[in-house]
**Student:** 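Submitted below is the structure of interest, expressed as structure tokens.
Sequence positions, counted from 1, serve as the residue numbers for this chain. Just so you know, these numbers come straight off a predicted model, no measurement behind them.
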Amino acid sequence: MSSESVSVVVERAIDQAFQFAEEKKYGAAVNAFALARACAVELTPPLSIRRLLKHNQDSLKAEREACRSKINSRGKGIFGWGKRPYKLLIMSDSLGLPRNDPDNRDSETYASLLTGLLEQHIVDSIAQRYFTTEQVFDLMTQNPELGAQSDVVVHVGLNDCADRLFLEKERLAVSLLPEPVLSKVLAFGRQFRGQVMLHSPPRNYVPLDKFRENLNSIIALLKARGARTIIVGNIILPPIRFWEKMPARNENFLAYNLEILRAARRHRVQLLDVDRYVWRSIPAKAEDGTGPLLADGMHLSDSGHAIVAERIAQIIRHRMDASKP
């Protein structure tokens with residue numbers, strides 16, 4: 001089917017979704033929106049989606065490796081490799097990357113701060129947007145040296161658990177639509193997000209049972225590689241102001257956080273309770289921008305990165321002290 005034909009079908013479906021929504025027939029509106037999403041994927045040539053998927057993944061990996069290289073060189077420049085006999089591997093999603101900063105201040109990420117807090121460690125930070133436990137496990141199986149004889153922080157889960165208006169192929173297929181149709185689809189999602197979440201089954205990049213399996217596999221693999229300290233970080237719950245448009249999101253986040261807690265206890269590894277550390281540090285009036293979170297309520301500000309870095313450093317220092325003869 002031609003791209004023009006695809007856009008016609010999708011536009012009809014999204015127009016119907018808006019009409020149902022205006023009539024407050026929200027169940028029907030959500031079904032029409034789901035049809036628009038499905039048509040964008042099913043009617044777009046698979047090769048086009050595969051090419052876009054590869055391009056997208058290549059871009060994310062390039063960004064990840066660029067940031068990784070900067071942090072590696074920063075550690076070398078401050079103290080020199082010879083004074084760093086230990087390794088610290090961090091695998092995280094966008095919470096480990098610089099965010100919305102024109103200067104791309106990777107020096108303010110918690111990974112980079114740890115190059116100064118842990119003077120005996122070489123820090124290897126693999127932080128990627130949209131990173132999931134599935135991708136972390138795949139990367140580890142492809143690279144047998146990752147985590148070997150290292151202290152390791154695994155801080156992913158936000159992308160696994162968040163309810164999605166668009167799954168990955170849907171997001172990419174919709175992006176290929178002509179601008180007027182694309183704008184309509186995105187506008188419906190913004191305006192009726194709460195209704196979409198309310199009337200749809202869970203839509204996550206990684207379902208809960210698979211998330212549990214991935215966590216167990218990642219930790220087991222790290223233990224098999226002789227990781228010295230294994231730290232698993234949990235997910236920051238969104239602020240109250242987002243709850244109305246994202247019904248049941250907190251319940252969903254809590255379910256995934258419970259799996260992280262259970263994995264930490266089951267395997268006797270360290271839990272990094274990022275959610276508690278962050279929300280305990282929220283000032284009474286956070287509107288002045290001094291809080292640990294950015295305005296989106298999910299990503300870390302400079303002070304948030306500093307809190308997480310200090311907590312990780314404390315865990316590793318405690319383990320090192322305990323292992324001294």
Side-chain angles (χ1 to χ4, degrees), residues 64-65 67-93 95-96 109-128 131 133 135-157 212-235 257 259-274 276-277 305-325:
R64 177 189 82 195
E65 292 303 312
C67 189
R68 183 182 185 183
S69 178
K70 286 182 180 179
I71 290 174
N72 282 342
S73 63
R74 186 179 304 282
K76 182 179 179 181
I78 295 174
F79 297 103
W81 295 122
K83 297 182 180 179
R84 293 176 175 263
Y86 305 117
K87 291 189 251 181
L88 170 60
L89 171 65
I90 299 172
M91 291 179 286
S92 68
D93 50 33
L95 268 73
T109 63
Y110 65 79
S112 187
L113 294 173
L114 283 164
T115 63
L117 290 171
L118 296 172
E119 300 180 9
Q120 293 182 301
H121 283 73
I122 299 168
V123 178
D124 184 11
S125 175
I126 303 176
Q128 180 176 314
F131 224 19
T133 53
Q135 292 169 314
V136 167
F137 182 67
D138 287 346
L139 186 64
M140 289 186 65
T141 55
Q142 294 163 15
N143 297 269
E145 297 303 314
L146 277 181
Q149 305 299 318
S150 304
D151 295 309
V152 182
V153 177
V154 180
H155 188 198
V156 292
R212 181 188 309 117
E213 179 186 330
N214 291 341
L215 281 176
N216 290 330
S217 298
I218 289 167
I219 295 171
L221 192 54
L222 287 170
K223 285 195 167 187
R225 293 179 181 181
R228 292 152 29 103
T229 308
I230 302 172
I231 303 169
V232 289
N234 65 5
I235 305 158
N257 268 348
E259 290 300 333
I260 295 172
L261 175 61
R262 286 171 173 164
R265 287 183 175 177
R266 183 183 304 116
H267 296 282
R268 297 184 180 182
V269 300
Q270 294 288 330
L271 174 70
L272 179 70
D273 196 346
V274 181
R276 186 178 64 170
Y277 299 150
H305 278 285
I307 291 168
V308 174
E310 184 56 45
R311 291 294 180 175
I312 293 172
Q314 285 176 2
I315 292 172
I316 293 175
R317 289 187 196 122
H318 179 74
R319 193 270 310 155
M320 293 178 71
D321 290 342
S323 64
K324 290 179 180 177

**Student:** What's the separation between atom OG1 in T133 and atom CE in M91, rounded to the nearest 0.5 Å?
**Tutor:**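 So the OG1 of T133 and the CE of M91 are separated by 11.5 Å.
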**Student:** Which pairs, with at least one residue in residues 305-314 and sequence neighbours excluded, count as a salt bridge (charged side-chain N to carboxylate O under 4.0 Å, His left out)?
**Tutor:**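 Non-adjacent pairs meeting salt bridge (charged side-chain N to carboxylate O under 4.0 Å, His left out): E310-R317.
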**Student:** From Q270 CD over to I315 CD1, what is the distance, rounded to the nearest 0.5 angstrom?
**Tutor:**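 Output value for this atom pair is 5.0 Å.
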**Student:** Which one of N143, V136, I90, L89 satisfies the side-chain contact (heavy atoms from CB on, under 4.5 Å) criterion with I126?
**Tutor:**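 That would be L89.
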**Student:** Measure the shortest side-chain to side-chain distance between L118 and V123 over non-hydrogen atoms and say whether it is less than 4.5 angstrom.
**Tutor:**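 No, too far: nothing below the 4.5 Å cut-off.
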**Student:** List in chain and number order the residues that pass side chain to side chain contact (heavy atoms under 4.5 Å, CB included) with R276, two or more places apart in sequence or in another chain; answer none if no residue qualifies.
**Tutor:**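 Only D273, R280 meet the side chain to side chain contact (heavy atoms under 4.5 Å, CB included) criterion with R276.
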**Student:** Of all residues at least two apart in sequence or in a different chain, which pass the side-chain hydrogen bond (donor to acceptor under 3.5 Å, both in side chains) check with R68?
**Tutor:**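 Scan of R68 (side-chain hydrogen bond (donor to acceptor under 3.5 Å, both in side chains), adjacent residues dropped) gives E65, D124.
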**Student:** Does the D93 side chain pair with the main chain of L95, one donor and one acceptor, at a distance under 3.5 Å?
**Tutor:**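 Present.
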**Student:** Find the distance between CD (E259) and CD (E213) and round it off to the nearest 0.5 Å.
**Tutor:**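 Nearest 0.5 Å value for the CD-CD distance: 12.0 Å.
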**Student:** Measuring from M140:CE to D138:CG, what's the distance to the nearest 0.5 Å?
**Tutor:**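 The distance works out to 11.0 Å.
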**Student:** For residues H267 and N216, determine if any side-chain heavy atom of one lies less than 4.5 Å from a side-chain heavy atom of the other.
**Tutor:**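 H267 vs N216: side chains touch.
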**Student:** Taking side chain as C-beta onward, heavy atoms only, is V269 less than 4.5 Å from L222?
**Tutor:**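 Of all side-chain heavy-atom pairs linking L222 with V269, none is under 4.5 Å.
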**Student:** List for me each residue that meets ring pair (Phe, Tyr, Trp, His ring centres under 6.0 Å) alongside F137, sequence neighbours excluded, and say none if there are none.
**Tutor:**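 Residues passing ring pair (Phe, Tyr, Trp, His ring centres under 6.0 Å) with F137: none at all.
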**Student:** Please report the closest heavy-atom contact between G116 and E119, naming both atoms and the distance.
**Tutor:**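 So the minimum-distance heavy-atom pair works out to O-CG, 3.5 Å.
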**Student:** Show the atom names and distances, to 0.1 Å, of all donor-acceptor pairs under 3.5 Å that link a side chain in residues 148-156 to residues at least two apart or in another chain.
**Tutor:**
from, atom 1, to, atom 2, distance (Å)
S150, OG, A148, O, 2.9
D151, OD1, T229, N, 3.3
D151, OD1, T229, OG1, 2.8
D151, OD1, R319, NH2, 2.8
D151, OD2, H121, NE2, 2.6
D151, OD2, R228, NH2, 3.4
D151, OD2, R319, NH2, 3.0
H155, ND1, Y110, OH, 3.0
H155, NE2, N234, O, 3.3

**Student:** Got a second to check how far L146's CG is from I218's CD1, nearest 0.5 Å?
**Tutor:**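 So the gap between those two atoms works out to 11.5 Å.
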**Student:** Taking all non-hydrogen atoms of both residues into account, name the closest pair between L113 and A309 and its distance.
**Tutor:**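 So the two residues come closest at CB-CB, 3.9 Å.
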**Student:** As a quick check of understanding, evaluate side-chain contact (heavy atoms from CB on, under 4.5 Å) for I235 and I260, giving each step before the final call.
**Tutor:** CA-CA 9 Å; I235 305 158; I260 295 172; 4.1 Å; yes
**Student:** R225: what forms a salt bridge (charged side-chain N to carboxylate O under 4.0 Å, His left out) with it, not counting sequence neighbours?
**Tutor:**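 Checked R225 against salt bridge (charged side-chain N to carboxylate O under 4.0 Å, His left out); zero matches.
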**Student:** Once side-chain hydrogen bond (donor to acceptor under 3.5 Å, both in side chains) is applied, do any residues pair with H318, and if so which ones, sequence neighbours excluded?
**Tutor:**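 None.
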**Student:** Nearest heavy-atom pair of L272 and I231: which atoms, and what distance?
**Tutor:**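 Heavy atoms only, the tightest pair is CB-CG2, 3.6 Å.
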**Student:** Which atoms form the tightest heavy-atom contact between A313 and L117, and what is the distance?
**Tutor:**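 Distance-wise, the nearest heavy atoms are CB-CB, 4.1 Å.
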**Student:** Name all residues meeting the salt bridge (charged side-chain N to carboxylate O under 4.0 Å, His left out) criterion together with R64; count only those two or more places apart in sequence or in a different chain, and write none if there are none.
**Tutor:**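 Residues passing salt bridge (charged side-chain N to carboxylate O under 4.0 Å, His left out) with R64: none at all.
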**Student:** Quick one: CG on N257 to CZ on R262, what's the gap to the nearest 0.5 Å?
**Tutor:**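 Reported value, rounded in 0.5 Å steps: 12.0 Å.
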**Student:** Side-chain contact test, heavy atoms from C-beta onward, threshold under 4.5 Å: evaluate it for L114 versus I316 and give yes or no.
**Tutor:**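 Sidechains of I316 and L114: no contact.
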